[in-house]
Amino acid sequence: MLNSMRTKRLNGLHLTGCNAGPMARLPPKYSDEDWDFNNKVKLRITCDQERLAERIMEESRRVMDDVNDTTRNWQREVEHQMRERASEIRFLCDELNKQKKTALLEDEALNTYRMRILNAIGFLKEKSLAICQRCLVLREGRLGVDLCEDEVDRSLRCELKVIKGCQCLMDKALKETNEQLRRLRATMYSLDKDLSQKDKSLMIDEKNLTLRGSQREMGASDLAHHHCQYSLSEWQHTTYKNLETNARELNSAAQLRAYVDLLLKQVCEDMQNQTDRTNEAFAHRIAEQRHVKACLENKHNDTMNHIHEVQQNLQLLEKEICDKNRAQQLCLTRLGNRATRPGVELTCDEVQDALYHELEALKASLCKLNAKVQENKASLRYLMHVQVMQEEEINIKANSIKIDEVDCMTIRQALKYQSF
């Protein structure tokens with residue numbers, strides 16, 4: 001229609017000459033049908049475009065509503081998931097914090113038990129072992145027959161074995177405690193690392209929850225460089241593995257503390273029992289030495305009395321010998337005087353025979369007295385030798401009593417075993 005109208009208008013131009021332009025002529029008039037047809041066409045085109053525009057606008061509003069609904073729904077879903085995720089992370093953070101606090105308490109408890117073990121080892125080394133060895137050295141200072149392998153020596157050597165055995169147990173317990181502390185602190189480090197990462201992740205999600213589309217300074221990021229490296233199952237596995245490992249180490253630490261309690265109690269009981277047995281052996285030996293020393297002292301007094309009596313007896317025998325010598329001299333003088341009798345008076349009468357018998361009796365008596373003097377002198381020598389021997393034994397026993405009662409038992413009073 002438009003092309004036909006343009007053709008009619010061009011037909012109204014008249015060309016003059018070859019190079020002359022068109023000469024203006026009056027435009028042709030259209031008919032009523034053309035006018036009516038043109039109006040209808042324009043109206044129809046306008047209505048079609050209006051309807052098309054309305055349909056497009058309606059479709060655009062519908063699309064915008066759908067997009068807005070979809071965006072709001074996904075934003076709500078994302079925020080819900082973020083809140084759920086934040087809640088889950090908070091729960092795990094609470095669990096990690098609880099486990100961490102428990103682990104810290106267990107670490108302090110294990111440190112306390114470690115100090116108890118070190119105190120026990122120090123006491124066994126500085127007190128028990130040193131005192132036991134000192135007693136053995138002191139008892140080497142005994143003299144004579146007292147330097148023997150008695151019950152006290154056997155008890156001291158048994159005590160030495162018990163001390164060394166307890167030291168081995170304490171050293172082993174110390175190594176186990178140090179290793180348990182190392183493992184517990186390793187799990188605490190894993191908990192701290194996991195907790196730090198979760199705190200940062202929680203802070204990021206909470207910050208994302210506060211963000212709105214109307215806020216400024218929201219920078220876009222390249223998703224190609226922000227891909228996730230771990231799956232949700234790996235994340236859960238890592239966290240629960242840390243919790244399980246920490247719970248396992250806490251259980252091991254509690255069992256170790258119970259074992260150390262029993263061990264320290266058993267070590268104290270064993271050492272106290274052995275110390276009591278050794279002290280009883282010392283007490284029994286000291287009582288025996290005191291008894292023997294008292295017996296020797298009594299015998300020494302008896303020996304001194306016998307020495308005094310023998311000395312008095314020797315004095316009596318010497319006095320008796322002197323008397324008998326004077327009687328013999330008297331008898332010899334009488335015989336000499338009777339040998340001067342004159343003539344027939346020089347006869348062997350009864351007096352002469354009595355004098356001879358008296359002289360023989362005096363000689364026999366002097367022999368007996370001299371023999372008894374020698375016997376008494378020999379007995380006196382023996383008694384004096386016994387006296388010296390008794391005094392030596394008394395000194396030996398006094399030295400042994402001093403070593404056992406004064407030296408050893410004094411330092412052994414420091415062996416008081418209580419719960420470390």
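- The environment of His306 atom NE2 is sparse: at most 12 non-hydrogen atoms of other residues, nucleotides or ligands sit within 6.0 angstrom.
- Met170 is listed as a side-chain neighbour of Leu264, based on a closest heavy-atom distance under 4.5 Å.
- A pairwise comparison of heavy atoms in Gly144 and Ile396 identifies CA-CD1, 4.2 Å as the closest pair.
- Residues Glu159 and Thr278 bring a donor and an acceptor atom of their side chains to less than 3.5 Å of each other.
- With hydrogens and angles left out, the side-chain atoms of Arg277 and Gln274 include a donor and acceptor closer than 3.5 Å.
- Looking at every heavy atom in both residues, Glu106 comes nearest to Ala254 through OE2-N, 3.8 Å.
- Residues passing the side chain to side chain donor-acceptor pair (under 3.5 Å) test with Gln272 are Asp276, sequence neighbours excluded.
- Using a 4.5 Å heavy-atom cutoff, the side chains of Gln167 and Ile121 are not in contact.
- The line from SG of Cys158 to CG of Asp153 is 12.5 Å long, rounded to the nearest 0.5 Å.
- Side-chain contact of Ser252 with Gln180: a donor-acceptor pair under 3.5 Å is absent, judged by distance alone.
- Checked for salt-bridge contact, Asp261 and Arg257 miss the test: no charged N lies under 4.0 Å from a carboxylate O.
- The salt bridge (charged side-chain N to carboxylate O under 4.0 Å, His left out) test with Glu206 is passed by exactly one of Arg85, Arg90, Arg83: Arg90.
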Q.
Working note: Ile131 + Leu415, criterion side-chain contact (heavy atoms from CB on, under 4.5 Å); need CA distance, chi angles, decisive distance, verdict.
A. CA-CA 8 Å; Ile131 289 175; Leu415 297 178; 3.7 Å; yes
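- For Asp65 and Arg62, the salt-bridge test fails: no basic side-chain N is under 4.0 Å from an acidic carboxylate O.
- When all heavy atoms of Val310 and Asn376 are compared, the pair lying nearest together is CG1-O, 3.3 Å.
- With a 6.0 Å radius and a threshold of 12 heavy atoms from other residues, nucleotides or ligands, Glu234 has its CD atom above the threshold.
- Side chains of Ser31 and Asp34: a donor on one and an acceptor on the other come within 3.5 Å.
- Separation of atoms CD (Gln197) and CD1 (Ile89) is listed at 11.0 Å; rounding is to 0.5 Å.
- Gln315 and Gln311 share no side-chain donor-acceptor pair at under 3.5 Å.
- The line from OG of Ser400 to CG of Leu143 is 6.5 Å long, rounded to the nearest 0.5 Å.
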Q) Taking it one step at a time, do Lys372 and Glu320 satisfy salt bridge (charged side-chain N to carboxylate O under 4.0 Å, His left out)? A) CA-CA 11 Å; Lys372 293 301 177 185; Glu320 192 66 26; over 6 Å; no
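- Shown here for Cys331 and Leu362, the closest heavy-atom pair between the two residues is CB-CD1, 4.2 Å.
- Taking CD of Gln75 as the start and NE2 of His80 as the end, the distance is 15.5 Å to the nearest 0.5 Å.
- Looking only at side-chain heavy atoms (C-beta outward), Leu250 and Leu184 come within less than 4.5 Å of each other.
- Residues Leu296 and His300 fail the side-chain proximity criterion, which asks for heavy atoms closer than 4.5 Å.
- With hydrogens and angles ignored, the 3.5 Å screen pairs no side-chain donor or acceptor of Asn313 with any backbone N or O of Glu309.
- Of the inter-residue distances, the one linking Arg154 atom CZ with Leu156 atom CG reads 11.0 Å to the nearest 0.5 angstrom.
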Q: Start with the C-alpha distance between Leu136 and Glu140, add both sets of side-chain angles, then the distance that settles side-chain contact (heavy atoms from CB on, under 4.5 Å), and finish with yes or no.
A: CA-CA 7 Å; Leu136 287 171; Glu140 293 297 321; 5.9 Å; no
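- Partners of Glu58 according to the side chain to side chain donor-acceptor pair (under 3.5 Å) rule, which considers only residues two or more places apart in sequence or in another chain, are Arg61.
- Arg139 and Asp150 get closest at one heavy-atom pair: NH2-OD2, 2.8 Å.
- Using modelled atom types and a 3.5 Å distance limit, the side chains of His284 and Glu151 yield no donor-acceptor pair.
- In this structure, the side chain of Thr303 engages the main chain of Lys299 through a donor-acceptor pair within 3.5 Å.
- Gln81 and Glu77 share a side-chain donor-acceptor pair at under 3.5 Å.
- The list of salt bridge (charged side-chain N to carboxylate O under 4.0 Å, His left out) pairs with a residue in residues 188-198, not counting sequence neighbours, reads Lys100-Asp192, Asp194-Lys198.
- Counted by atom type alone, Asn399 and Arg142 present zero donor-acceptor pairs between their side chains at under 3.5 Å.
- For the residue pair Asp270 / Tyr417, no side-chain donor-acceptor distance below 3.5 Å is found, with atom types taken as modelled.
- For Tyr259, the OH atom counts as densely surrounded, since its 6.0 Å shell holds more than 12 non-hydrogen atoms of other residues, nucleotides or ligands.
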Q: Could you walk me through whether Leu92 and Trp235 pass the side-chain contact (heavy atoms from CB on, under 4.5 Å) test, one step at a time?
A: CA-CA 12 Å; Leu92 290 177; Trp235 175 81; 3.2 Å; yes
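- Shown here for Ile163 and Leu129, the closest heavy-atom pair between the two residues is CD1-N, 3.9 Å.
- Contact check for Phe123 versus Val267: no side-chain heavy atoms found under the 4.5 Å cut-off.
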Q: With side-chain contact (heavy atoms from CB on, under 4.5 Å) as the test, would you mind laying out the steps for Lys397 and Asp146 before giving the verdict?
A: CA-CA 7 Å; Lys397 296 298 180 292; Asp146 277 12; 3.2 Å; yes
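- Atom CE of Met389 sits in a crowded spot, with more than 12 heavy atoms from other residues, nucleotides or ligands closer than 6.0 Å.
- Within 6.0 Å of atom CZ in Arg76, more than 12 heavy atoms from other residues, nucleotides or ligands are found, so the atom counts as buried in its surroundings.
- Between Glu88 and Gln236, the closest side-chain pair of non-hydrogen atoms falls below 4.5 Å.
- Note that CG of Leu174 is 5.0 Å distant from CG of Leu118, once rounded to the nearest 0.5 Å.
- The only option from Asn246, Thr245, Thr239, Thr238 that meets the side chain to side chain contact (heavy atoms under 4.5 Å, CB included) definition with Asn242 turns out to be Thr238.
- Taking 4.5 Å as the limit, some side-chain heavy atom of Gln328 sits within range of a side-chain heavy atom of Asn325.
- A salt bridge links Glu179 with Arg183: the closest approach of a Lys/Arg side-chain nitrogen to an acidic carboxylate oxygen falls below 4.0 angstrom.
- In this structure, Arg55 and Leu52 have side chains that are in contact, with non-hydrogen atoms separated by less than 4.5 Å.
- Not a single donor-acceptor pair under 3.5 Å links the side chain of Asn251 to the backbone N or O of Ala247.
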Q.
For Arg285 and Asp404: C-alpha separation, side-chain torsions, deciding distance, then whether salt bridge (charged side-chain N to carboxylate O under 4.0 Å, His left out) applies.
A. CA-CA 8 Å; Arg285 188 62 173 172; Asp404 288 346; 5.3 Å; no
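- A salt bridge is absent between Arg248 and Glu244; no separation between the charged side-chain nitrogens and carboxylate oxygens falls under 4.0 Å.
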